[in-house]
Amino acid sequence: MVRRSLKSVWHPCTQMQHHETVPLVAVSHGRGAWLYDAEGKRYLDAISSWWVNLFGHANPRINAALKEQLDTLEHAMLAGFTHEPVIRLSECLAARTGNVLGHCFYASDGASAVEIALKMSFHAWRNAGHAAKQEFVCLKGSYHGETIGALAVTDVALFRDAYSPLLRPAHVVMSPDARAACDGETAADVARRAAGALESLLQQRAGHIAAVIIEPLVQCATGMAMHDPVYLSEVRALCDRYQIHLIFDEIAVGCGRTGTFFASEQAAAIGADGAPVWPDLVCLSKGISGGYLPLSLVMATDAIYQAFYDTDTTRGFLHSHSYTGNPLACRAALATLEIFEQDDVLNANQVRAQRITAGLLSLADHARVRHFRQRGMIWAFDAAIDDPAAVARFSRHFFIKALENELLLRPIGRTVYLMPPYILDEAECDLLAERTTAVFESVMADA
Ligand SMILES: *Cc1c(COP(=O)(O)O)cnc(C)c1O
């Protein structure tokens, strides 16, 4: 079965020739945090199948909701029509922002949500008489997806370089990545320094800039670069001062991944008495459907919504996707949000996180580990390896060794990270921590 699929399926993010030596894992079924292959071997899905699966595979509650929805309405177009699942989901999500972001626009994948946010920002300014605002700002090491528009605000060489002739260049500014701290500098100092670099750009170009796009708290795909929440507070203030939209791409960090439902809830708005920082536009995808079905959305403030509200059709936001607001996907998302409530997930995750962090203690202090870091349900550390060929070897060996130890872990270069689903019991937390440590020791012994 594995051999046969080699030519017919072209796999994502893969040099297909590598599979001449490394076989694909043929998954037959999943249950809870575990995936099982055709031979009955099991793998703990410690990266939530590319960060989407929040409550395990074949989750009984999500399954039941989907089965019911399947017998009611599988799909209907969302232009001229509406339906209960999309209305309820939009209201639930808006309520989580205190209705600051009260208007939800739907698509199917993360990159499309980013495209929508960029187009909405530009078009809102254009409708408001500021058509010169056509440029975007992103962070060094940013990742916002791989369609042509999203790739233009992505700064990961591996994904971007081959296509750069096709892309409209964005402004790339200093990342607040806490690993950039100089001697004596705190993470908050780095964040303020990065905000200063952004301000220098805005002083010169604000009249041409539509929006700044940021992955709040953790820049995931570049290697789990974490920053101090004060960065978000500072950038919000700058965007207000210079009249720029702020887009938070919470595709990876949203849905409780960093400890709060939206990552930006951990930042306090300056001068607003502890109120959280809200962007003008937020993108959600990945975990929102519990890892069941492709679903993404952009949530917008009333000011942005009103910029399009008019008798003139062409002033509207005319973007569309065939499966916009698919009822099955929305129902999976509603079932996912219900689990957050029923199981008090954000609090339960704090207990899980403490246990996993305690289990990883020997790695945090390890002589060959740099920058052990954690936020919410994300752990990451960098192997102390510098030679690029050795880094590539480490990354491949770690993945294979982890599979031999019943773990699905895929390092990003020298960065090993864990992003497990929010359902691990105590034994699974311990197993994850112990085996990650053992795999690291064994791979480093060969490195
Ligand atoms: C995964 C991701 C995307 C792209 O989502 P896709 O569904 O893969 O297109 C965009 N932004 C961030 C932060 C992501 O992690």
Side-chain angles (χ1 to χ4, degrees), residues 10-14 47-54 105-121 136-156 158-160 163 167 170 172 175-177 211-227 231-232 246-258 261-264 279 281-299 319 321-324 326 329 332-333 336 375-378 380 410-413 415 417-419:
W10 196 343
H11 291 266
C13 204
T14 298
I47 56 170
S48 300
S49 281
W50 264 351
W51 323 344
V52 300
N53 187 291
L54 302 189
F105 193 99
Y106 289 85
S108 316
D109 55 71
S112 300
V114 168
E115 302 276 343
I116 288 166
L118 299 176
K119 284 177 70 178
M120 253 185 200
S121 169
F136 298 103
V137 183
C138 63
L139 299 184
K140 191 131 194 51
S142 58
Y143 180 92
H144 299 291
E146 295 169 57
T147 53
I148 305 253
L151 200 53
V153 287
T154 287
D155 183 48
V156 179
L158 184 66
F159 303 137
R160 185 192 156 110
Y163 308 101
L167 307 177
V172 182
S175 162
D177 182 353
V212 177
I213 183 164
I214 288 170
E215 297 165 76
L217 298 189
V218 190
Q219 294 181 269
C220 295
T222 198
M224 305 298 156
M226 300 190 184
H227 59 254
Y231 183 70
L232 307 178
L246 178 55
I247 303 170
F248 282 163
D249 176 349
E250 296 232 12
I251 290 166
V253 295
C255 301
R257 184 51 74 181
T258 66
F261 189 82
F262 292 99
S264 72
L281 295 159
V282 66
C283 303
L284 280 182
S285 186
K286 290 209 162 93
I288 187 64
S289 74
Y292 268 69
L293 287 159
L295 180 69
S296 67
L297 66 143
V298 174
M299 300 171 71
H319 188 101
H321 292 287
S322 311
Y323 284 96
T324 301
N326 173 257
T336 300
R375 186 168 289 273
M377 290 292 281
I378 307 176
R410 255 174 78 112
I412 301 170
T415 302
Y417 72 91
L418 312 179
M419 261 213 213

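Atoms within a ligand are numbered from 1 in the order they appear, just like the ligands themselves.
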**Fill in**
Nearest heavy-atom approach of Val298 to Ala113 is CG2-O, 3.2 Å
**Asked** Which protein non-hydrogen atom lies closest to atom 6 (P) of ligand 1, naming both residue and atom, and how far is it?
**Response** Gly110 N, 3.4 Å
**Message:** Does either side chain, that of Asp177 or that of His227, offer a donor lying less than 3.5 Å from an acceptor on the other one?
**Reply:** no
**Request:** Give the residue, atom name and distance (to 0.1 Å) of the protein heavy atom nearest atom 4 (C) of ligand 1.
**Result:** Ala111 N, 3.6 Å
**Message:** Looking at every non-hydrogen atom in both residues, tell me the closest pair between Ala152 and Arg160 and how far apart they are.
**Reply:** O-NH1, 3.4 Å
**Request:** Output yes when the distance from some N or O of ligand 1 to some N or O of Trp51 is under 3.5 Å, and no in every other case.
**Result:** no
**Asked** Just to confirm, does any protein heavy atom lie below 4.0 Å from atom 8 (O) of ligand 1?
**Response** no
**Message:** Which of the numbered atoms in ligand 1 are under 4.0 angstrom from any heavy atom belonging to Ala252?
**Reply:** 15 (O)
**Request:** Could you tell me whether the side chain of Ser285 and the main chain of Leu295 form a donor-acceptor pair under 3.5 Å?
**Result:** yes
**Asked** Are the side chain of Gln219 and the backbone of Lys140 linked by a donor-acceptor contact shorter than 3.5 Å?
**Response** yes
**Item:** Close approach, Trp50 and ligand 1, non-hydrogen under 4.0 angstrom
**Value:** no
**Request:** Taking the side chain as every heavy atom from C-beta outward, state whether Phe248 and Ile214 have any atom pair closer than 4.5 Å.
**Result:** yes
**Message:** Is the contact between Lys286 and ligand 1 made by the side chain, the backbone, both, or neither, using heavy atoms and a 4.0 Å cut-off?
**Reply:** side chain
**Asked** Does Ile251 reach ligand 1 with a nitrogen or oxygen that is under 3.5 Å from one of the ligand's nitrogen or oxygen atoms?
**Response** no
**Fill in**
A student checking ligand 1 against Glu215 at a 4.0 Å heavy-atom cut-off should list atoms 13 (C)
**Fill in**
Closest to atom 11 (N) of ligand 1 among protein heavy atoms sits Asp249 OD2, 2.6 Å
**Request:** Report, in ascending order of atom number, the atoms of ligand 1 lying under 4.0 Å from any heavy atom of Gly145.
**Result:** 4 (C), 10 (C)
**Message:** Whether the Glu146 and Thr154 side chains hold a donor-acceptor pair (N or O, under 3.5 Å, no angle test) is what I'd like checked.
**Reply:** no
**For atom 10 (C) of ligand 1, the option (of Gln219, His144, Glu250) bearing the nearest heavy atom** = His144
**Request:** Would you indicate whether Phe159, at its atom CZ, is surrounded by more than 12 heavy atoms from other residues, nucleotides or ligands within a distance under 6.0 Å?
**Result:** yes
